[in-house]
K.L.:
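For reference, the structure I am asking about is given below.
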Amino acid sequence: MTWLEFALLHTSAPTTVRVSARHGDRFAEPTLVGPCVVDHRRTIVFCPPDADVPPGSLVTLPTGRTTRVRSACHLDAHGYQLPGHLQLDLE
């Protein structure tokens with residue numbers, strides 16, 4: 001299963017988030033990252049594995065809410081149905 005196939009199974013349409021990635025003491029220009037799966041109950045975003053979103057970056061969710069990335073973790077598929085991805089834990 002590819003990342004896009006997984007995202008389409010878990011959302012009605014691909015969800016895009018806007019990210020201002022933090023690199024050192026500067027923020028990059030806002031860029032769009034998608035498709036993502038947003039879990040609003042736990043404030044977690046599952047992104048494609050090649051997304052560049054280090055901790056401290058600002059993420060604007062589809063609801064318009066902007067929050068900061070507490071931690072970002074690359075996870076491999078390891079034979080599970082969830083493909084390799086980047087998990088963002090938000091404040």
K.L.:
Do you reckon Val53 sits in the same ILVMFWY cluster as Leu61, going by side-chain contacts under 4.5 Å, direct or chained?
P.N.:
yes
K.L.:
Roughly how far apart are His85 NE2 and Cys47 SG, rounded to 0.5 Å?
P.N.:
9.0 Å
K.L.:
Got Gln87 and His74 here, is their nearest side-chain heavy-atom distance under 4.5 Å?
P.N.:
no
K.L.:
Kindly compute the distance separating CZ (Arg65) from OG1 (Thr60), expressed to the nearest 0.5 Å.
P.N.:
10.5 Å
K.L.:
Can you tell me if Glu29 has over 12 outside heavy atoms packed within less than 6.0 Å of its CD?
P.N.:
no
K.L.:
Spell out, yes or no, whether Ile44 and Phe6 are grouped together once hydrophobic residues are joined by side-chain heavy atoms under 4.5 Å, including indirect joins.
P.N.:
yes
K.L.:
Against Leu90, only a single residue in Val59, Val17, Asp39 fulfils side-chain contact (heavy atoms from CB on, under 4.5 Å); can you say which?
P.N.:
Val59
K.L.:
Can you tell me how far CZ of Phe46 sits from CG of Leu86, rounded to the nearest 0.5 angstrom?
P.N.:
10.5 Å
K.L.:
Can you name the nearest heavy-atom pair linking Pro48 to Pro35, along with the distance?
P.N.:
CD-O, 3.4 Å
K.L.:
Using the side-chain contact (heavy atoms from CB on, under 4.5 Å) rule, pick out the option among Leu88, Thr67, Asp89 that qualifies with Val45.
P.N.:
Leu88
K.L.:
Going by heavy atoms in the side chains, are Pro54 and His23 under 4.5 Å from each other?
P.N.:
yes
K.L.:
Rounded at 0.5 Å granularity, tell me how far OG in Ser20 sits from CZ in Arg26.
P.N.:
14.5 Å
K.L.:
For the residue pair Pro62 and Thr16, what are the closest heavy atoms and their distance?
P.N.:
CG-O, 3.9 Å
K.L.:
Should the heavy atoms of other residues, nucleotides or ligands under 6.0 Å from CZ of Arg18 be counted, would the total exceed 12?
P.N.:
no
K.L.:
Which distance, rounded to the nearest 0.5 Å, do you find between the OG of Ser71 and the CD of Glu91?
P.N.:
10.0 Å
